[in-house]
Novice: 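Dropping the structure in here first, questions after.
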Amino acid sequence: MLGLNIDMIIFGLFLVINLSIGLFSSRRVNSLRDYAVGRKDFSTATLTATIVVSWLAGMYVFEILEYTYRDGLYFIIVVSGASICLWLVGLLAVRMREFLKNISVAEAMGDLYGRTVQIITGISGGLSVITLVAMEFKVISKVICLIFATESAWVPVIASIVVIIYSVSGGIRAITFTDVIQFFTFGTFIPILALVIWNQLKDPHQVITLLNTNPNFSWSQVIGWHPKFRTTLTMFLWFLIPAMDPVIFQRISMARDVAQVRQSFNYAGLISLVVCLFLAWVAILLLANNSNLEPDKLFNYVINNYTPSGLRGLIGIGVLALAMSTADSCLNASAVLLTNDIAKPLGLQFKNEVVAARLLCLVSGLFALAITLQFSGILALLQFANSLYMPIVTVPLLMAILGFRSSTLAVLLGMGMGFVTVICWPLIFKGGDSIIPGILANMSGLLGSHYLLKQPGGWVGIREPEPLLEARANRRKAWKRFKKDFKEFSLVQYLQKTFPSQEYLLTLFGIYVIAATYASFYTVPEEIQTNYAKLYHIIGQSVLFISTGLLTYPLWPPIFKNKWFITWAWPLSVFYVLFAVGTWLVLMSGFHTFQTMIFLLNIVMAFLLFDWPFVVAMVFSGVIIASNIFKLFASAPSMADDFGTLQFKILYGLLLLSSFLLAIFKHKQAQKQLASRNVYLKLLQTERDEKLKIALEYRERFSNALSTDCVEGFMLLYQRGKELIEAAKHVQTDRKSVV
């Protein structure tokens, strides 16, 4: 009973926090635009978070676990298409500036092709997102009933009503800020779940055995022209095509500019790929632990067997976070479509559009809640939702983004062919996915009617090509700069730039070399020292010499600090000590865990000293060269019994990967800082030049005025002087005459 109370408390706090944030964020909604896309003041991180959680959806947890457990790589390939899709949206961002002013995808289609197309898009998009809301409500119901071991319909209804309340009242701002909370909530769920399952594995090596022996995880057996892979390829294309559904289009409209669209969707694509692969890894762990489970009940198995009280509530709200974030985003999108793109074009007028949107959002939520129990399969529900939208709207919208514009007639004919194909395909071919055939039918109808009926338009390009032209110009500049840098590349100059500017850094590195190398020596058994005595002696003497030189570098005479000498001595010393010696010690010890840890730390240290491309080159070349030299002392490296657990290896593998990413991000951050400083200095220089120009103009004006005044003054003085002289002469003449 206590455990139930703990889970109830966690669940209740989660709902209260979301409801409070949603209601608090509803105070600034003054217009339908505020309700739909906000005021375009969201940060890139906030946009990324709301894209991720609204894109993944709660159903992904169930579907990835089930289908990865059952199909392995087949479904991993499929679900990776969803992440690539987000990256493709970011790639198309430079073509979409004209759509940033729209508050919905239907409004954008109406601007392109008229009121009829706008209404059709609104109806199609509205039905699609309401179906997705029903799907997420079903996920909420399933998770809550499973966590609390109850079949009562009231608990999931309460959770769904909470989503409806803050979606109705708060608009997109409430949804976005609750999405951020839900993003972090779900972010804690994945590692907790994976670690719990990992810790209960009897033998971690059974995961490697599974990956090596199961045909579903063999690339050679998975990829081929057989029915299962063809089905996988069809599903992959379905996930890959940017549908530009109402929710995704709304996220695009929320951005300040196309640059923010590109960045947020690129980041979201990477994060969603990591999330999907992590969930697939959980399914692999479950398969390795027990291959006789029912795939459609994996989440039930996890909850019942791996989660004690308290943890069950945390995992439950992690899945609920995804389901709620997708549901609230779809509810908001449906309200905007119903208000702005169906009611208004049909002539219905509202005194207050915000109130109307809230009422329609409430109706959409209640309607979705009512149809939740009508579907049994979550993936089937997702296919149904996409079949209502992608074969009808996606094709003309994507074609417009790519630069193809046609008439309203051609677009309507394409939409009609796509809709008919979606309806007839399952009847003719007895089931099967009708989304891809519907998309192809729409494209055929659009292009065929355009050229056969000689409609105006064609590949006329986009209306606002400036971002696209700028992106192309930047790519050309980058390519020219790359070719120039490649032609003018000088290894000596590059190494001179990488040399530390402060001498004490060499001393600190020397201390690290002594600590790391001799700590490794201390852990090498005497038997290995005897077997590799010659190599052991070479390593000891050479490292002692190099570390001593590094420690005493500030005391070197100037003749030894010659640029040519130190330019080559520094990188060669780092290369030898970190990677040659590091590789030898790992091989000598038979991949002992401590030696492997030191080697990984060496790589981290190298990333702190050099740029990542140079470090990667040193790592690969160092390992290859050192391994070949090691063959002179031993025919093959002996594998020690203490190789460590698979968990230990994966831990340090993650350390290496995270260090590599940290170095890349640090390099990019340093570049951005330098670029921003350069821009700031240019602005200061420009401002200074302007002020100097104004000062020079004032000086010239003053000089001209002064020159003119002086000349006039001297002329006046000269005239006055002449007059005085003449007057004096007259006075003298008068005196003489008087005398």
Novice: Grab the two heavy atoms, one from Gly125 and one from Tyr389, that are nearest each other, plus how far apart they are.
Specialist: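 Heavy atoms only, the tightest pair is CA-CD1, 3.7 Å.
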Novice: In Å and rounded to the nearest 0.5 Å, what is the CG to CD1 distance from Leu298 to Ile64?
Specialist: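 Going from the CG atom of Leu298 to the CD1 atom of Ile64 covers 12.5 Å.
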Novice: Can you tell me how far the CG atom of Leu112 sits from the CD atom of Gln118, to the nearest 0.5 Å?
Specialist: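 Spacing of CG (Leu112) from CD (Gln118) equals 10.5 Å.
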Novice: Where the side chain of Ser291 meets the backbone of Leu287, is there a donor-acceptor pair that is under 3.5 Å apart?
Specialist: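 Looks like no, no N/O pair under 3.5 Å.
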Novice: Assess the residue pair Asn442 and Met417 against the criterion (side chain to side chain contact (heavy atoms under 4.5 Å, CB included)); give the C-alpha distance rounded to whole Å, side-chain angles, the decisive distance to 0.1 Å, and a yes or no.
Specialist: CA-CA 6 Å; Asn442 191 328; Met417 291 184 63; 5.9 Å; no
Novice: Considering non-hydrogen atoms only, spot the tightest contact between Ser406 and Leu446 and give its length.
Specialist: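 Taking every non-hydrogen atom into account, CB-CD1, 4.3 Å.
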Novice: Determine the minimum heavy-atom distance between Pro242 and Leu398, stating which atoms define it.
Specialist: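 That would be O-CD1, 3.4 Å.
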Novice: Would Leu47 and Tyr267 satisfy side chain to side chain contact (heavy atoms under 4.5 Å, CB included), going step by step from the backbone distance to the final call?
Specialist: CA-CA 10 Å; Leu47 272 180; Tyr267 295 151; over 6 Å; no
Novice: Report all side-chain donor-acceptor pairs from residues 72-79 shorter than 3.5 Å, counting only partners two or more places apart or in another chain.
Specialist:
none

Novice: Out of the candidates Ile462, Ile401, Asp111, Ile252, only one should pair with Phe99 under the side-chain contact (heavy atoms from CB on, under 4.5 Å) rule; please name it.
Specialist: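 With Phe99 as partner, Ile462, Ile401, Asp111, Ile252 yield a single side-chain contact (heavy atoms from CB on, under 4.5 Å), made by Ile401.
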Novice: From Leu127 CG over to Leu132 CG, what is the distance, rounded to the nearest 0.5 angstrom?
Specialist: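 Result: 11.0 Å between the selected atoms.
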Novice: Any heavy-atom pair between the side chains of Thr121 and Glu107 that's under 4.5 Å?
Specialist: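 Glu107 vs Thr121: side chains apart.
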Novice: Checking Thr234 now: which residues fulfil side-chain contact (heavy atoms from CB on, under 4.5 Å) with it, not counting sequence neighbours?
Specialist: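 For Thr234, the residues satisfying side-chain contact (heavy atoms from CB on, under 4.5 Å) (neighbours in sequence not counted) are Asp433, Ile436.
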Novice: Examine distances only and state if a side-chain atom of Asn216 and a backbone atom of Arg70 form a donor-acceptor pair shorter than 3.5 Å.
Specialist: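 Looks like yes, one N/O pair under 3.5 Å.
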Novice: Would you say Thr421's side chain and Gly438's backbone share a donor-acceptor pair under 3.5 angstrom?
Specialist: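 Checking the backbone N and O of Gly438 against the side chain of Thr421, no donor-acceptor pair under 3.5 Å is found.
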Novice: Less than 3.5 Å apart, any donor N or O on the side chain of Asn102 or Ser253 sitting next to an acceptor on the other?
Specialist: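 Their side chains do not contain a donor-acceptor pair, so the 3.5 Å distance test is not met.
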Novice: Can any side-chain N or O of Thr231 pair as donor or acceptor with the backbone N or O of Pro227 at less than 3.5 Å?
Specialist: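 Side chain of Thr231 to backbone of Pro227: a pair is present.
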Novice: Between Val282 and Leu65, does a side chain to side chain contact (heavy atoms under 4.5 Å, CB included) hold up when you go through it step by step?
Specialist: CA-CA 7 Å; Val282 171; Leu65 290 178; 3.8 Å; yes
Novice: Does the side chain of Ser264 come under 3.5 Å of the side chain of Arg251 through a donor N or O and an acceptor N or O?
Specialist: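 Checked: Ser264/Arg251 side chains show no N/O donor-acceptor pair below 3.5 Å.
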Novice: If a pair satisfies salt bridge (charged side-chain N to carboxylate O under 4.0 Å, His left out) and one of its residues is in residues 228-238, list it, with sequence neighbours excluded.
Specialist: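 Qualifying pairs, neighbours excluded: Asp71-Lys228.
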Novice: Quick check: does any side chain N or O of Ser329 sit under 3.5 Å from a backbone N or O of Thr326, one acting as donor and the other as acceptor?
Specialist: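 Side chain of Ser329 to backbone of Thr326, a donor-acceptor pair under 3.5 Å: no, none is there.
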Novice: Looking at Ser104 and Asn340, what are the two nearest heavy atoms and their distance?
Specialist: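 Shortest heavy-atom separation between Ser104 and Asn340 comes out as OG-ND2, 4.0 Å.
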Novice: If the condition is side-chain contact (heavy atoms from CB on, under 4.5 Å), which residues does Asn290 pass it with, not counting sequence neighbours?
Specialist: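 Asn292, Leu293, Tyr301.
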Novice: Kindly say whether Gly445 contributes a backbone atom to a donor-acceptor pair with the side chain of Ser449 at under 3.5 angstrom?
Specialist: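 Flag set: sc Ser449 to bb Gly445 pair under 3.5 Å.
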Novice: So, using ring-ring contact (aromatic ring centres under 6.0 Å, His included) as the criterion, who are the partners of Trp459 when residues are at least two apart?
Specialist: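 Applying ring-ring contact (aromatic ring centres under 6.0 Å, His included) to Trp459 gives Phe404.
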Novice: Do the side chain of Asp341 and the main chain of Ile119 share a donor and acceptor less than 3.5 angstrom apart?
Specialist: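 A pair under 3.5 Å: no.
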Novice: Taking all heavy atoms of Ile120 and all of Met415, pick out the closest pair and write down the distance.
Specialist: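 Nearest pair, atom of Ile120 first, then Met415: CG2-SD, 3.9 Å.
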Novice: For the side chain of Asn266 and the backbone of Arg262, is there at least one donor-acceptor N/O pair under 3.5 Å apart?
Specialist: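 Pair found, side chain donor or acceptor close to backbone of Arg262.
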Novice: Who are the side-chain contact (heavy atoms from CB on, under 4.5 Å) partners of Ser80, not counting sequence neighbours?
Specialist: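 Checked Ser80 against side-chain contact (heavy atoms from CB on, under 4.5 Å); matches are Phe236, Leu273.
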Novice: Rounded to the nearest 0.5 Å, what separates atom CD1 in Ile84 from atom CD1 in Ile241?
Specialist: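 Between Ile84 CD1 and Ile241 CD1, I get 12.5 Å after rounding to 0.5 Å.
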Novice: Rounded to the nearest 0.5 Å, what separates atom CG in Leu397 from atom CE in Met390?
Specialist: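 So the CG of Leu397 and the CE of Met390 are separated by 11.5 Å.
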Novice: Spell out, as yes or no, whether a donor-acceptor pair under 3.5 Å connects the side chain of Arg405 to the backbone of Gly457.
Specialist: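 Such a contact is absent between Arg405 side chain and Gly457 backbone.
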Novice: Please walk me through it: do Trp55 and Asp245 pass side chain to side chain contact (heavy atoms under 4.5 Å, CB included)?
Specialist: CA-CA 10 Å; Trp55 176 255; Asp245 61 74; 4.0 Å; yes
Novice: Which value, rounded to the nearest 0.5 Å, describes the distance between Leu447 atom CG and His450 atom NE2?
Specialist: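 Taking CG in Leu447 and NE2 in His450, the distance rounds to 8.0 Å.
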Novice: Does Phe42 offer a backbone N or O that forms a donor-acceptor pair with the side chain of Gln260 under 3.5 Å?
Specialist: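 It does hold such a pair.
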Novice: Of all heavy-atom pairs between Val129 and Ser334, which one has the smallest distance, and what is that distance?
Specialist: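 Heavy atoms of Val129 and Ser334 come nearest at CG2-CB, 3.5 Å.
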